[in-house]
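Values below: every heavy atom of this structure, side chains too, minus hydrogens, waters and symmetry copies.
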Amino acid sequence: MLLRLPTSVTEAQECMAEGAVPIGGATLVWATWQRDGFPALAMSLRDLPEANVLEPEQLGAAVVLQRVDDRVPEVLRRAAGTVGTGAVRRAATVGGNIVGSSLRCLLPAALVLDARPTVLGPDRAYETDLAEVLAKRHLLLGLRWRTPKASGYRKEPAEGGGPPPLVVATAVHADDEGRHLLRVAVRDGYEVIGETVPCDGGADQALAALDGTDVGALPPAARDVVRERVAAILGSLAED
């Protein structure tokens, strides 16, 4: 296998045109390659500046999860910090987790931040939405978002080898008119759902609005965690 390490968007596009298989830390594909055979040509974005940004409102797809720190919102930092073991987090990348993983532990965090992904197409880099990235498995360059007023993340304990643990991500944003909106994203099994509701009336208002959404249709145990997380984040804002 030949591994290419492009240092510019143009070089990365050339690699794509040559059929290079994108990889990050290869934590999700190494076993498959050992079983089925390695690709002739692969590409890593670890030397591409645009894919290695780590800023308060921007995160590159090639950043390894171990590097995600308090420069980004709490919900994203905590999501990255709960993925796998330390060895996995030192190799696994943001892009690999969101696009290449069936678990997508970072996806709920990205959804509540209303993150906008930048992807690399054959002729240009462009901004799109997360739904398109997941549906078409685009080559992700990075994420951008606006800093929320507050955010939080909860991953429930789970036994190894069992179903994926429940994840609840929350964030509160202010719109252009100064109203506050609560975003909630839940991973239940392998499915991730997200909703946005007004929350200026407090937790009771937000929870009543969520009751009429897909989040309100979750199993009782999951709804209990959502209620606890909504009360916690809105309570912290009220104290401020």
Side-chain angles (χ1 to χ4, degrees), residues 53-61 63 65 67-83 94-95 97-99 104-119 127-134 140-156 166-188 192-211 213-216 218 222-223 225-240:
V53 178
L54 178 52
E55 297 178 354
E57 294 189 337
Q58 187 176 357
L59 183 62
V63 174
L65 303 184
R67 289 186 56 216
V68 180
D69 56 23
D70 58 7
R71 282 173 283 185
V72 304
E74 178 184 355
V75 63
L76 193 53
R77 174 178 57 81
R78 294 188 62 190
T82 62
V83 174
V94 170
N97 183 272
I98 291 177
V99 182
R104 296 169 176 162
C105 297
L106 271 61
L107 179 58
L111 285 172
V112 300
L113 290 175
D114 196 24
R116 296 287 296 177
T118 298
V119 300
E127 191 176 272
T128 182
D129 56 48
L130 285 165
E132 180 179 320
V133 171
L134 299 178
L140 183 66
L141 290 180
L143 301 170
R144 296 177 183 269
W145 60 85
R146 293 174 62 182
T147 301
K149 302 285 288 185
S151 66
Y153 184 88
R154 173 73 176 271
K155 178 186 279 188
E156 291 291 279
L166 178 76
V167 166
V168 178
T170 53
V172 175
H173 299 260
D175 67 14
D176 293 337
E177 284 74 40
R179 296 169 298 193
H180 290 93
L181 300 173
L182 171 70
R183 296 185 184 275
V184 178
V186 181
R187 186 188 71 188
D188 183 34
V192 178
I193 58 175
E195 299 289 349
T196 302
V197 295
C199 63
D200 281 319
D204 288 343
Q205 177 204 35
L207 290 169
L210 286 171
D211 281 343
T213 70
D214 287 343
V215 171
L218 288 167
R223 292 203 306 270
V225 178
V226 170
R227 291 190 186 99
E228 186 273 328
R229 298 314 304 160
V230 169
I233 192 170
L234 295 181
S236 69
L237 283 177
E239 291 174 0
D240 292 341

Where [X] and [Y] come nearest, the two heavy atoms and their spacing:
| X | Y | answer |
| --- | --- | --- |
| V94 | L106 | CG1-CD2, 4.0 Å |
| K155 | C105 | NZ-SG, 3.8 Å |
| V63 | V53 | CG2-O, 3.6 Å |
| W145 | P56 | NE1-O, 3.0 Å |
| P148 | V172 | CB-O, 3.4 Å |
| H173 | L113 | CE1-O, 3.8 Å |

Do side-chain atoms of [X] reach the backbone of [Y] as a donor and acceptor pair under 3.5 angstrom?
| X | Y | value |
| --- | --- | --- |
| S151 | V75 | yes |
| R223 | L218 | yes |
| R187 | L166 | no |
| D129 | R116 | no |

Partners meeting side chain to side chain donor-acceptor pair (under 3.5 Å) with R179 (sequence neighbours left out):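 Partners of R179 under the side chain to side chain donor-acceptor pair (under 3.5 Å) test: D175, E177.
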Report yes if some heavy atom in the side chain of [X] is under 4.5 Å from a heavy atom in the side chain of [Y]; otherwise report no.
| X | Y | answer |
| --- | --- | --- |
| L143 | Q58 | no |
| E55 | E57 | no |
| I193 | D188 | no |
| I98 | L134 | yes |

Who pairs with V99 by side-chain contact (heavy atoms from CB on, under 4.5 Å), at least two apart in sequence or on another chain?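 With neighbours one apart ignored, the set is V133, R137, L140.
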Sequence neighbours excluded and cut-off under 3.5 Å, please list the side-chain donor-acceptor pairs for residues 195-207, or say none.
| from | atom 1 | to | atom 2 | distance (Å) |
| --- | --- | --- | --- | --- |
| T196 | OG1 | R183 | NH1 | 2.8 |
| D200 | OD1 | H180 | N | 3.4 |
| D200 | OD1 | H180 | ND1 | 2.8 |
| D200 | OD2 | H180 | N | 3.1 |
| Q205 | OE1 | D200 | N | 3.3 |
| Q205 | OE1 | G201 | N | 2.7 |

Residue pair E127 / T118, side-chain donor-acceptor N/O under 3.5 Å: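 Checked: E127/T118 side chains show no N/O donor-acceptor pair below 3.5 Å.
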Is the count of non-hydrogen atoms from other residues, nucleotides or ligands lying under 6.0 Å from R229 atom CZ greater than 12?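 Correct, the count exceeds 12.
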